[in-house]
Amino acid sequence: MEVGQMQRRLAEYTKSLFMEGILDAQFLQLQQLQDESNPDFVVEVVTLFFDDSEKLLNDIARALDQQCVDFKKIDAHVHQLKGSSSSVGAQRVKNACVAFRNFCEEQNAEGSLRCLQQVKQEYNLVKNKLETLFRLEQQIVAAGGSVPMIESSF
Amino acid sequence: MVSEMESGHIEEMDIEVLPSMWPDDVGTDAGKQFNVEKPKGDQDMLEEVTIIDDATIVDFKRLLELTNYTETGSSQLAYLVKHWEYKQANAVRLLREELDILSKQREEVELKKLEILEEHRFEEERYGGDKRPISILDEVYDLWQDIPRRKNDVIVQNKRVEIDAEYDTVVYWKQRAMHLEKLLEASTQREQILTEKLQESIKDLERQSSPVEELSQILKRADNFLHFVLQNAPVVIGHQDKELRYRFIYNHFPSLHEDDIIGRTDVEIFTGSGVKESQDFKREVLEKGLPAKREITFETDLFGSKTFLIYVEPVFSKAGETIGINYMGMDVTDQVRKRERMAKLREEIAVQKAKETELNKTIHITEETMRAKQMLATMSHEIRSPLSGVVSMAEILSTTKVDQEQRQLLDCMLSSGDLVLQLINDILDLSKVESGVMKLEATKFRPRQVVKHVLQTAAASLQKILTLEGHVADDVPVEVIGDVLRIRQILTNLISNAIKFTHEGKVGINLYVVSDPSSVKGEGCHQNKVSVDGDNEEQPHSPETKVWIRCDVYDTGIGIPETALPTLFKKYMQVSADHARKYGGTGLGLAICKQLVELMGGHLTVSSQEHCGSTFTFVLPYKVSTASDNSDDPDELSDMADNNAATDEATERFFQFQPRTLGSLFSSNGSSRSNMGYTRSHKLNGFSDNSYSFPSNSVRSKETASVEEACSTVDDAETLCQPESSSSHSPDPANQDTVCRGNRCQDDTSSQFQNPIIDSTHHKETSREVAVAANTREPQGTCQRREKSDTSSQCVSSCSTEVPKSTLKPKILLVEDNKTIVMVTQSMMKLLGHRIDVVNNGVEAVCAVQHHNYDLILMDVCMPVMDGLQATRLIRSFEETGNWDAAVKAGIDQGVLSLDSLQNGLGSTPSAKRIPIIAMTANALAESADECLANGMDSFVSKPVTLQKLKECLAKYLP
């Protein structure tokens with residue numbers, strides 16, 4: 001594929017992520033932080049976010065699986081996840097976490113389980129989307145093009 | 001010609017007949033709603049259209065009956081019959097005419113024959129004799145008589161010869177007979193032809209379709225058209241009889257069989273909501289005899305939820321009775337739904353708009369309020385900054401070697417400075433009270449001390465020969481709980497007012513317990529009060545936890561005219577313009593007092609007699625502190641309780657400050673247990689110690705000053721000039737000089753002289769700001785001076801030695817447990833040109849603060865091990881006390897806290913400054929901004945952190 005074409009595709013793809021609410025403006029913040037001295041910043045942060053989130057999701061799942069569910073602990077985990085997701089701009093994960101915390105407060109095991117599924121789903125979605133995004137960027141770089149900065153115009 | 005006439009007539013008839021198929025009102029020529037195309041040859045468009053016939057279910061019998069019964073039907077029928085009759089009559093008429101013609105011709109022919117015969121007879125008679133027989137038919141005879149005569153005349157001339165020749169000849173007659181014969185033949189022939197034609201025309205008539213057939217054909221076509229038009233229309237057409245039983249129904253989407261409908265009523269056919277309504281509606285129409293329309297929503301098992309627009313018209317019999325109804329329904333479910341949605345939308349829009357305007361209003365009001373607040377804040381800030389310079393100077397001055405009298409003067413300066421600060425805050429308070437955001441504090445305090453201090457402060461600024469006195473009844477508890485600052489504010493206000501308007505005599509305070517706030521009211525003029533001593537007013541002290549204490553502030557001043565009383569407590573109102581000129585003041589004091597008293601649940605009243613004096617009385621409820629142990633609460637009471645006169649003070653009941661008895665300011669010359677020595681020892685407490693160990697104690701002494709002295713608020717500029725007035729007593733002009741210089745320096749931060757002094761008092765926030773400002777301008781110079789000042793004040797601490805290093809680049813600490821957030825924040829900081837230290841929880845944050853000197857801390861609120869709020873509290877506690885006791889108490893392992901710094905802490909080295917701590921909140925409820933601020937944080941940044949937010953934050957808190 002031609003570089004220009006790929007760049008257009010990337011722009012469109014990124015735009016779609018914003019349109020679908022998968023990402024929010026915070027992601028643009030991350031992109032602003034990426035420069036020559038720190039060329040892989042976004043990927044690094046997002047990878048950290050992935051690792052962190054997977055650990056947290058496992059922890060939450062395990063905690064929910066207990067005979068006696070420790071909602072305080074789960075709430076703390078969800079809070080963490082909410083913090084991470086909001087700081088990378090994974091909006092839908094963040095929103096799911098907000099709902100999750102309400103159920104934690106109510107000590108609602110059933111609701112929490114549902115929310116966990118929801119969070120997982122949103123997490124996987126954003127993960128897939130971001131991985132695709134990064135792949136696209138890599139392809140562009142490999143083809144000798146530059147990854148265009150996304151303007152926060154949408 | 002006959003046939004032409006006929007066909008033309010039929011054409012005419014077509015047009016005439018068709019309208020009769022429709023109700024009369026439909027068939028008018030102008031704008032006919034229905035027009036049926038005449039078929040052209042074999043091109044019938046209807047043939048191409050499939051028409052579903054079985055949609056119509058007709059009770060034909062009923063239709064017939066209808067045509068019999070109903071007026072329209074019968075008129076139609078009559079019309080048809082008439083037409084038929086007309087047509088028939090026409091045909092008969094034509095035939096008759098034809099026959100007439102024929103019979104005429106025949107007559108003619110016969111006449112001719114007769115003539116011929118006559119002629120023959122005449123001939124014979126002529127032959128026989130010249131007799132002229134009289135014909136029976138005279139006229140005919142005459143007729144014929146003429147003709148031959150004429151003929152004769154004519155012939156006489158022309159055919160004389162011929163006649164002569166042939167007349168009377170056989171040949172002639174033969175010829176004549178022949179001729180007549182021929183004529184007869186032709187006539188007969190004509191007759192035959194005519195008969196044939198007649199025959200033919202009859203045949204033709206027969207051949208032509210009968211009108212009934214034609215009509216039914218037309219009917220059928222119209223019917224087809226109707227079907228064609230209606231085949232997709234969501235309409236139901238029906239006729240119901242008197243009992244509302246269906247006799248005819250057309251429904252494009254039939255869901256029932258004919259048997260299920262015909263002969264039944266709506267209610268019998270289906271059930272559900274709306275059915276009854278429609279039935280009732282139809283009945284109504286039936287009864288009223290007037291057509292009507294209505295929208296009915298059905299909710300039936302048969303076809304679900306649907307809305308129909310129903311038109312019902314009554315059908316009348318010839319006699320004019322209603323015999324049924326025609327009804328037509330159209331499914332308007334979608335339209336209704338749309339309409340409802342539109343209505344809803346419109347409603348929502350209206351609500352939205354209302355909300356918007358409401359919001360706009362609120363926003364406007366809020367903006368206005370904000371602006372006003374902003375102005376107040378700016379103003380007070382503008383006043384506060386130079387003032388704090390003055391106070392700082394005075395504080396520094398008090399650390400130098402001064403004699404007793406100077407110290408007292410300084411003491412007054414300090415307290416007055418704090419008073420002004422307090423006053424500024426009060427102006428803010430007023431707006432706070434008014435906007436309902438004023439919060440009251442509940443702290444333990446000693447009423448006696450409050451009274452004494454208020455009087456003391458008033459005495460200090462007294463420029464008149466007045467006696468100030470205070471009576472506190474024995475039953476007033478030693479300690480009560482209330483908002484001491486506000487109470488002092490009220491008292492000070494009232495006292496200063498009293499002093500202002502009193503030129504001779506005395507001003508005093510009576511304090512005593514009342515059982516019920518409503519039972520004791522300020523009555524009469526103050527003279528009564530004065531005569532009544534504390535003893536008389538004592539009432540048994542109830543052991544309740546709540547106690548009402550009444551406070552009278554009386555004077556022997558000019559009094560208040562009765563007319564001025566109603567507006568006395570209004571803002572900016574003074575008794576008269578004269579008063580305002582003469583006595584000054586803002587007119588805010590009493591308004592604030594009243595509002596504060598009412599806020600605390602009490603009430604403020606006044607009684608006055610002109611030229612005799614006034615008494616202001618306020619009654620307030622207080623909680624009685626149950627644990628009245630003097631020394632158990634170091635924070636609140638140490639400053640009050642740690643003097644040796646504590647026991648005296650607790651029960652003291654009379655204070656008096658005589659004018660100018662003591663060379664300088666104070667005198668306490670009252671009853672038994674109170675004495676001057678005590679007063680002085682108390683005043684010394686704060687400051688005499690300071691001169692020996694200033695660095696360790698400055699914070700506390702400051703605290704003391706602000707808590708005790710801040711209360712003696714004066715609501716006008718009088719206090720402001722108090723330092724000057726008191727300095728006139730001071731033999732040391734240098735003091736004043738320092739104050740003035742300090743004041744000036746405040747305006748000019750680059751001044752060399754002032755910086756070291758301010759630096760040595762960094763515990764004061766405002767002076768810190770000044771120092772910071774100085775830092776930015778000449779950082780290196782400041783460092784040098786700072787060191788100089790450090791040595792001069794003998795304050796050697798690890799913190800202050802680190803200061804010079806850290807001033808070049810601000811040191812920032814991030815306390816955050818979430819790795820992702822750490823990474824993002826770190827990068828942002830990097831982009832903004834800062835490197836930051838990162839720790840992961842509150843405990844680590846406390847340790848980090850212990851080891852390093854930070855210029856700014858970004859603190860997450862929710863963290864494991866120790867949250868941001870607690871960590872902030874511990875850090876603030878260290879800054880205030882200079883030790884980490886609180887941290888140790890909170891469970892931080894001493895091993896973690898370095899021994900070295902602990903030692904420092906034990907050595908009571910106060911922290912160099914107050915580190916700005918910015919909370920990073922996720923905007924959750926648990927992390928409210930209020931809570932952050934209440935726990936000692938300076939501000940907050942909401943998550944997720946953005947570059948912009950960080951930039952703003954750094955700009956605000958880093959020099």
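In what follows, chains carry the letters A, B, and so on, assigned in the order in which the sequence lines appear, proteins first and then strands, with residues in each chain numbered from 1.
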With rounding to the nearest 0.5 angstrom, report the NZ to CG distance, B/Lys830 to A/Leu33. 9.5 Å

Taking A/Gln26 for its side chain and B/Thr946 for its backbone only, find out whether a donor-acceptor pair lies under 3.5 Å. no

If I take atom CD from residue A/Gln32 and atom CG from residue B/Leu947, how far apart are they, to the nearest 0.5 angstrom? 5.5 Å

For A/Lys73, is the NZ atom crowded, meaning more than 12 foreign heavy atoms sit under 6.0 Å from it? no

B/Asn818 side-chain N/O to A/Gly83 backbone N/O, donor-acceptor pair under 3.5 Å: no

Are there more than 12 heavy atoms of other residues, nucleotides or ligands under 6.0 Å from atom CD of A/Glu105? no

How far does CD of A/Gln29 sit from CE of B/Met828, to the nearest 0.5 angstrom? 4.0 Å

Could you tell me whether A/Glu110 atom CD has more than 12 heavy atoms of other residues or ligands within 6.0 Å of it? no

What distance separates A/Ser87 OG from B/Lys819 NZ, expressed to the nearest 0.5 Å? 12.5 Å

Checking heavy atoms, do the side chain of B/Leu831, its backbone, both or neither come under 4.5 Å from chain A? side chain

Report yes if the side chains of B/Met823 and A/Phe49 come closer than 4.5 Å at any heavy-atom pair, otherwise no. no

Interatomic distance, NZ@A/Lys82 vs SG@B/Cys862, rounded to 0.5 Å, equals 8.5 Å

Which portion of B/Val824 sits near chain A, non-hydrogen atoms under 4.5 angstrom: both

